[in-house]
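What you see below is based on every heavy atom in this structure, not just the backbone, and it leaves out hydrogens, waters and symmetry mates. Each chain gets a letter, A, B and so on, in the order the sequences are listed, and its residues count up from 1.
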Number of protein chains: 2
Amino acid sequence: MRLVIARCTVDYVGRLSATLPPAVRLVMHKADGCVAVHADGGAYKPLNWMNAPNTLIEDGPVWAVCNPKGETLRITFEEVFVDVAHDCGEDPGLSKDGVEAHLQELLAAHPHAVGDGYTLVRREYPTGIGPVDLLCRDADGNAVAVEIKRRGEIDGVEQLARYVERLNRDPLLRPVRGVLAAQQVRPQARVLASDRGLGWVEVDYDELRGLESDELRLF
Amino acid sequence: MRLVIARCTVDYVGRLSATLPPAVRLVMHKADGCVAVHADGGAYKPLNWMNAPNTLIEDGPVWAVCNPKGETLRITFEEVFVDVAHDCGEDPGLSKDGVEAHLQELLAAHPHAVGDGYTLVRREYPTGIGPVDLLCRDADGNAVAVEIKRRGEIDGVEQLARYVERLNRDPLLRPVRGVLAAQQVRPQARVLASDRGLGWVEVDYDELRGLESDELRLF
DNA sequence: GACTCTATCTCGGTA
DNA sequence: TACCGAGGTAGAGTC
């Protein structure tokens, strides 16, 4: 990893064109060859960047970074204040908890949180256009496709609608209803779901985790 | 901007929980208070981060970063290799060219580029499921919903179809047609648009900019 | 390699 | 403030 703090200008030409006027910024050059230009604010996004793989040509005060897709990033250094390098080695990676996959586990274990009397048929039920998160049976024994999101938005409704339409072609399964299950369902998603004849339900992640730990205590 | 390269562990608890085992990484602390931890690969995403506003408490080898939402980031330094700081000052920001917002401006100013005789009713015309980019009237005075994309793909057709279906419920507006306007319309999007009875048009961005500058010359 | 979907998505706009 | 949509989305997983 090489870190350069310098007054510089930056030009990117590729999927769009973007230019940065002269200012003092951080230029990061990582071990995999990628380059990122950061301002002194905004943690997440670099102002400009070029992912690996690419080729970096240092020509005096100019870095020309090109990738195979024909995109180019050109950094022109006017005044360098810091220039340090250090070998970091491999990163072991991070572990996460609390994302959609975990919500799916919890709902698979507690399908009644989606609807009273629901039972699980299987997770990741294949449809031909991708797997539906959960396939359940309701209290009357009819199939229900459940799409799980952390936040229920229009995209999720569309996705669910595609699955339900597809599953209803199977004479052994139909009639199949659809339910969008999310910690939070946005108003527009509610409207569209109703339009499409789909249900939606907001589930409480912490409550589900509570059920989980209750059961662990019981057994 | 302060840059620390160090062997460290990181724990984030907030919207999810994430932990990083000991390894050598870059810790950035920017002037606005935000903190980001970067591995030596992957230009864009930090492994862990905390946006401003937040409060950073340095307690010996431990940085505790908390934000008002109750999220916390804890960095424990084991061995520091680099620790540099530099004042960058304000960044003037970057200018972009070629994105959808600009294309929308240009088409709002020149609706005839979407269709002969088209006039603009308004931009971001609201529907219950989100605003449609442009609402126009065609030469016969009928409403036309225009969805603008840099690249016209299936998603854009779906989006447009939803708007048109929705707008056609309004007796004051209907009949409403739909047109997908993009610099490039993919073959699959063309087929789907035709299936749905929607139109599509490829617009020349540079030509529109030309019109714009012509007008500037005239006045 | 192309396609799909998630994201502590970020970021900007607007009501 | 909350909501909504775009992004040079990036990045991970699957086919």
Side-chain angles (χ1 to χ4, degrees), chain A residues 11-18 34 36-37 41-52 67-73 93-94 96-104 124 126-133 147-156 158-159 162 184-192, chain B residues 10-19 34-37 39 41-52 54 65 67 69-73 93-94 96-104 123-124 126-133 147-151 153-156 159 163 188:
Chain A
D11 291 276
Y12 163 77
V13 178
R15 279 168 281 185
L16 56 63
S17 299
C34 68
V37 181
Y44 197 89
K45 277 188 72 157
L47 294 167
N48 264 318
W49 70 95
M50 183 71 78
N51 282 331
N67 75 4
K69 283 178 254 175
E71 299 169 290
T72 63
L73 185 72
L94 86 168
K96 295 180 178 185
D97 181 23
V99 288
E100 184 189 313
H102 196 199
L103 193 56
Q104 188 188 113
E124 303 288 350
T127 70
I129 53 169
V132 63
D133 289 333
E147 177 63 30
I148 300 169
K149 297 283 179 202
R150 211 160 47 81
R151 301 169 97 169
E153 303 187 15
I154 288 204
D155 280 0
E158 293 284 18
Q159 198 177 341
R162 288 197 297 271
Q184 192 180 38
V185 180
R186 299 308 184 95
Q188 296 194 335
R190 298 179 187 194
V191 172
L192 186 63
Chain B
V10 185
D11 291 276
Y12 164 76
V13 178
R15 281 167 282 185
L16 54 62
S17 300
T19 58
C34 69
V35 177
V37 181
Y44 201 87
K45 270 189 76 154
L47 294 167
N48 266 317
W49 69 95
M50 182 72 74
N51 282 332
N54 64 49
V65 192
N67 74 4
K69 283 178 255 177
E71 300 170 292
T72 62
L73 185 72
L94 86 168
K96 292 183 178 183
D97 188 15
V99 291
E100 184 189 314
H102 196 197
L103 194 55
Q104 190 189 111
R123 288 168 67 176
E124 303 288 349
T127 75
I129 52 170
V132 63
D133 289 331
E147 178 62 31
I148 300 169
K149 296 284 178 201
R150 215 157 42 82
R151 301 169 97 170
E153 303 186 14
I154 293 220
D155 274 4
Q159 198 176 342
Y163 291 144
Q188 294 187 335

(message) Check the phosphate of dA6(D) against Gln104(B), side-chain N and O only, distance under 4.0 Å to OP1 or OP2. Yes or no?
(response) no
(request) Report the base-pairing partner of dT14(C) (Watson-Crick or G-U wobble, both distances below 3.5 angstrom), or none. (result) dA2(D)
(message) Quick one: does any side-chain atom of Asp155(A) pair with a main-chain N or O of Glu158(A) as donor and acceptor, under 3.5 Å?
(response) no
(request) Describe the nucleic acid contact of Pro187(A) in one word from base, sugar-phosphate, nothing, applying a heavy-atom distance below 4.0 Å. (result) sugar-phosphate
(request) Using whole Å, report how far CD of Glu158(A) lies from C1' of dG5(D). (result) 14 Å
(request) For Arg162(A) and dC3(C), give me the distance from atom CZ to atom P, rounded to whole Å. (result) 15 Å
(request) State, to 0.1 Å, how close Gly41(A) and Cys34(B) come at their nearest heavy-atom pair, and which atoms those are. (result) C-SG, 4.5 Å
(message) With a cut-off of less than 4.0 Å, is there a side-chain N or O of Gln184(A) near OP1 or OP2 of dC4(D)?
(response) no
(request) Sticking with atom P, work out how far dG8(D) lies from dC4(D), rounded to a whole angstrom. (result) 22 Å
(message) What is the distance, to the nearest angstrom, from the CZ atom on Arg190(A) to the C1' atom on dA2(D)?
(response) 13 Å
(request) Report which part of the nucleic acid Glu153(B) touches: base, sugar-phosphate, or nothing (heavy-atom distance under 4.0 Å, all strands). (result) nothing
(message) Using a 4.0 Å heavy-atom cut-off, does Glu124(B) contact any base of the nucleic acid, only the sugar-phosphate backbone, or nothing at all?
(response) nothing
(request) Starting at the 5' end of nucleotides 8-15 of chain D, put B wherever the base has a protein heavy atom under 4.0 Å, S where only the sugar-phosphate does, and a dash everywhere else. (result) BSSS----
(request) For Leu103(B) and dG5(D), give me the distance from atom CG to atom P, rounded to whole Å. (result) 19 Å
(request) Would you classify Gly14(B) as touching base, sugar-phosphate or nothing, given that sugar-phosphate means primed atoms plus P, OP1 and OP2, and contacts are heavy atoms under 4.0 Å? (result) nothing
(message) Can you give me the closest heavy-atom contact between Ala43(B) and Pro46(A), atom names plus distance?
(response) O-CG, 4.4 Å
(message) Mind checking if Ile148(B) touches a base, just sugar-phosphate, or nothing, with heavy atoms under 4.0 Å?
(response) nothing
(message) Could you measure the distance from the CZ atom of Arg190(A) to the CG atom of Leu192(A)? Nearest 0.5 Å is fine.
(response) 13.5 Å
(request) In whole angstrom, give the distance that lies between atom CG of Asp155(B) and atom C1' of dC4(D). (result) 16 Å
(request) For side chain to side chain donor-acceptor pair (under 3.5 Å), just list the numbers for Lys149(A) and Gln184(A), CA-CA rounded to whole Å, side-chain angles, deciding distance to a tenth of an Å, and then say yes or no. (result) CA-CA 9 Å; Lys149(A) 297 283 179 202; Gln184(A) 192 180 38; over 6 Å; no
(message) Test side chain to side chain contact (heavy atoms under 4.5 Å, CB included) on Glu71(A) and Lys69(A); report intermediate values, then the result.
(response) CA-CA 6 Å; Glu71(A) 299 169 290; Lys69(A) 283 178 254 175; 4.0 Å; yes
(request) Could you check how far CD of Gln188(A) sits from C1' of dA2(D), rounded to whole Å? (result) 12 Å
(message) Closest-nucleotide mapping onto DNA chain D: is Ala189(A) or Ala101(B) further toward the 5' terminus? I mean the 5' end.
(response) Ala189(A)
(message) Give me the distance, rounded to whole Å, that separates dT8(C) from dT14(D) when you measure between the C1' atoms they each carry.
(response) 25 Å
(request) Report the distance from atom CD of Glu147(A) to atom CD of Gln159(A), rounding to the nearest 0.5 Å. (result) 4.0 Å
(request) Give, for atom OH of Tyr163(B) and atom CG of Asp133(B), the distance between the pair rounded to the nearest 0.5 Å. (result) 7.0 Å
(request) Tell me what Lys149(B) touches on the nucleic acid: a base, only sugar-phosphate, or nothing, going by heavy atoms under 4.0 Å. (result) sugar-phosphate
(request) When you get a sec, tell me which of dT8(C), dT6(C), dG7(D) is the closest nucleotide to the side chain of Glu100(B)? (result) dG7(D)
